[in-house]
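Everything on this sheet refers to the single structure shown next.
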Amino acid sequence: MTSVERLQPQFDEVVDAGAELRQVATGMAFTEGPVWHPSQQCVLFTDIPNNHIIRWSEAEGLSTHVQNSHFAIGLYLDTDERLLACEHSTKRITRYEQDGTLTTLASHHGEAILNSTNDVCVRSDGAIFFTDPPFGVRLEEGQLAGYQVGSEYDGCYVFKVTDDPTSPQVVTDAIYRPNGLCFSLDEKTLFVSDSSERYHQVYALDMQADDMAVNPRVFATLPSGVPDGLRIDTDGRLYVAGPDGVYVYDADGEHLGKLLVPEMVTNICFGGSERQTLFITAVSSLYAIDLKTTGVQHP
């Protein structure tokens with residue numbers, strides 16, 4: 001099966017033309033939020049409808065990491081390798097402590113409950129940023145499905161976690177339906193995907209010293225479907241989860257090529273001992289493909 005669609009010669013620097021896409025696990029209901037755990041050499045990701053956080057490693061295969069995850073979606077690690085989770089059913093950001101207890105990092109915007117925390121990333125200084133679109137989960141004819149909920153505050157924000165769970169800092173309200181997010185190499189630019197049929201674009205915003213993100217501009221537009229999770233490599237290329245694969249753009253926004261995936265891609269992360277394996281969550285499966293480049297992940 002062809003796994004690579006080359007649009008520009010520079011794509012040869014990213015992946016070999018004959019690179020194999022491997023389905024390393026399958027049988028889940030709807031996967032999301034992969035994050036590589038360096039010390040445990042495993043991938044953690046979510047199976048939202050089954051309300052689990054899943055663990056996969058080359059040595060041990062698939063296992064359940066957390067049974068009741070509050071319908072978690074986006075995951076990341078903080079600077080102490082503690083797991084951060086965006087929880088759909090509680091609409092909060094939580095941190096799993098070393099003893100297994102949960103700490104709430106963000107739950108409200110003032111008196112208003114957050115919309116539906118979706119994705120999260122950590123800057124090199126340990127600051128935690130997350131998106132809060134109006135997506136969630138509900139029962140429809142006995143099945144869990146996504147939906148748009150009534151918001152208790154105006155708009156949809158990107159937030160930064162503060163010491164007060166009821167007062168996360170507003171970073172920007174300029175993105176219609178903010179979803180995936182990550183920083184550029186120098187962390188002066190914040191990339192945010194707008195997962196709406198109205199725009200289906202990835203935006204770049206300038207980070208100010210006060211951690212406000214300003215000057216939003218279109219960095220990339222997907223030809224169909226919506227962009228989801230984002231990651232960046234050590235050469236500044238942006239990787240975007242899309243409906244039919246992973247779209248790769250250079251630092252100037254030129255579309256270099258695509259890693260083809262037979263299921264809709266929801267999110268991605270770099271992993272492996274050298275961070276040269278891209279792990280891909282795509283509906284029912286976890287995929288992996290070895291690249292020639294190296295991914296960035298903080299910590």
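Quick note: numbers below take in every heavy atom, side chains included, and nothing from hydrogens, waters or symmetry partners.
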Donor-acceptor contact below 3.5 Å, side chain [X] vs main chain [Y]:
{"X": "Thr117", "Y": "Arg92", "answer": "yes"}
{"X": "Asn51", "Y": "Asn68", "answer": "no"}
{"X": "Thr46", "Y": "Ile48", "answer": "no"}
{"X": "Gln297", "Y": "Trp36", "answer": "yes"}
{"X": "Thr64", "Y": "Ile54", "answer": "no"}
{"X": "Ser195", "Y": "Pro227", "answer": "yes"}
{"X": "Glu187", "Y": "Ser124", "answer": "yes"}
{"X": "His88", "Y": "Thr90", "answer": "no"}
{"X": "Ser107", "Y": "Thr166", "answer": "no"}
{"X": "Thr94", "Y": "Leu102", "answer": "no"}

Report, as yes or no, whether the 6.0 Å neighbourhood of atom [atom1] on [X] holds more than 12 heavy atoms from other residues, nucleotides or ligands.
{"X": "Asp154", "atom1": "CG", "result": "no"}
{"X": "Gln41", "atom1": "CD", "result": "yes"}
{"X": "Asp99", "atom1": "CG", "result": "yes"}

Any [X] side-chain heavy atom under 4.5 Å of [Y] side chain:
{"X": "Glu81", "Y": "Pro38", "answer": "yes"}
{"X": "Gln40", "Y": "Ser57", "answer": "no"}
{"X": "Val4", "Y": "Leu260", "answer": "no"}
{"X": "Phe45", "Y": "Met28", "answer": "yes"}
{"X": "Gln201", "Y": "Val226", "answer": "no"}
{"X": "Val24", "Y": "Trp56", "answer": "yes"}
{"X": "Val246", "Y": "Val240", "answer": "no"}
{"X": "Arg22", "Y": "Tyr287", "answer": "no"}

*asked:* Between Glu20 and Ser3, is the side-chain hydrogen bond (donor to acceptor under 3.5 Å, both in side chains) condition met? List the steps.
replied: CA-CA 6 Å; Glu20 177 189 359; Ser3 301; over 6 Å; no
According to side chain to side chain contact (heavy atoms under 4.5 Å, CB included), who are the partners of [X], at least two apart in sequence or on a separate chain?
{"X": "Arg217", "answer": "Thr189, Ala204, Asp206, Asn215"}
{"X": "Arg6", "answer": "Pro9, Phe11, Asp12"}
{"X": "Gln10", "answer": "Gln8, Glu254, Leu256"}
{"X": "Val66", "answer": "Ile53, Ser69, Tyr96"}

Got a second to check how far [X]'s [atom1] is from [Y]'s [atom2], nearest 0.5 Å?
{"X": "Leu44", "Y": "Cys269", "atom1": "CG", "atom2": "SG", "answer": "9.0 Å"}
{"X": "Ile268", "Y": "Cys182", "atom1": "CD1", "atom2": "SG", "answer": "8.0 Å"}
{"X": "Ser224", "Y": "Asp244", "atom1": "OG", "atom2": "CG", "answer": "6.0 Å"}

*Does any pair with a residue in residues 196-217 pass ring pair (Phe, Tyr, Trp, His ring centres under 6.0 Å), and if so which ones, sequence neighbours excluded?*
Tyr176-Tyr199
State which residues pass salt bridge (Lys or Arg N to Asp or Glu O under 4.0 Å) with [X]; sequence neighbours excluded, sorted by chain then number.
{"X": "Asp125", "result": "Arg123"}
{"X": "Glu13", "result": "Arg237"}
{"X": "Glu97", "result": "Arg82, Arg95"}

*With sequence neighbours left out, what residues match Ser184 under side-chain hydrogen bond (donor to acceptor under 3.5 Å, both in side chains)?*
Asp186
Going by atom type alone, with no hydrogens or angles, which donor-acceptor pairs under 3.5 Å involve a side-chain atom of residues 274-282 and a protein atom two or more places apart or on another chain?
unit_1, atom_1, unit_2, atom_2, d
Arg275, NE, Gly295, O, 2.6
Arg275, NH2, Gly295, O, 3.1
Gln276, NE2, Thr294, OG1, 3.3
Thr277, OG1, Asp290, OD1, 2.8
Thr281, OG1, Thr266, OG1, 2.8
Thr281, OG1, Asn267, N, 3.2
Thr281, OG1, Asn267, O, 3.1

*Between Asp194 and Arg177, is there a side-chain N and carboxylate O pair less than 4.0 Å apart?*
no
*asked:* Can you confirm whether the side chains of Ser284 and Glu263 place a donor and an acceptor under 3.5 Å from each other?
replied: yes
*Show which residues join Val170 in its hydrophobic cluster (side-chain heavy-atom contacts under 4.5 Å, direct or indirect), or state none.*
Tyr76, Leu84, Ile93, Leu105, Leu114, Val120, Val122, Ile128, Phe130, Tyr153, Tyr157, Phe159, Val161
*Quick one: hydrophobic cluster around Val214, which other residues, with the 4.5 Å side-chain cut-off, linked directly or via members?*
none
*Residues Leu286, Thr26; criterion side-chain contact (heavy atoms from CB on, under 4.5 Å); working and verdict*: CA-CA 6 Å; Leu286 177 68; Thr26 192; over 6 Å; no
*Would Ile232 and Phe183 satisfy side-chain contact (heavy atoms from CB on, under 4.5 Å), going step by step from the backbone distance to the final call?*
CA-CA 8 Å; Ile232 198 164; Phe183 285 97; over 6 Å; no
Could you tell me which non-hydrogen atom of [X] sits nearest to which non-hydrogen atom of [Y], and how far apart they are?
{"X": "Thr162", "Y": "Gln169", "result": "CG2-N, 3.6 Å"}
{"X": "Gly74", "Y": "Asp119", "result": "CA-OD1, 4.0 Å"}
{"X": "Asp250", "Y": "Phe219", "result": "O-CZ, 3.3 Å"}
{"X": "Pro49", "Y": "Phe71", "result": "O-CE2, 3.8 Å"}
{"X": "Leu222", "Y": "Ala241", "result": "CD2-O, 4.5 Å"}
{"X": "Ala213", "Y": "Met207", "result": "CB-SD, 3.8 Å"}

*Show your reasoning for whether side-chain contact (heavy atoms from CB on, under 4.5 Å) applies to Tyr239 and Val14.*
CA-CA 11 Å; Tyr239 296 68; Val14 175; 3.5 Å; yes
*Would you check, one step at a time, whether the test side-chain hydrogen bond (donor to acceptor under 3.5 Å, both in side chains) holds for Ser151 with Asn115?*
CA-CA 6 Å; Ser151 300; Asn115 288 329; 2.9 Å; yes
*Report the C-alpha distance between His37 and Leu77 in whole Å, list the side-chain angles of each, state the deciding distance to 0.1 Å, and finish with yes or no for side-chain contact (heavy atoms from CB on, under 4.5 Å).*
CA-CA 8 Å; His37 199 298; Leu77 298 181; 4.0 Å; yes
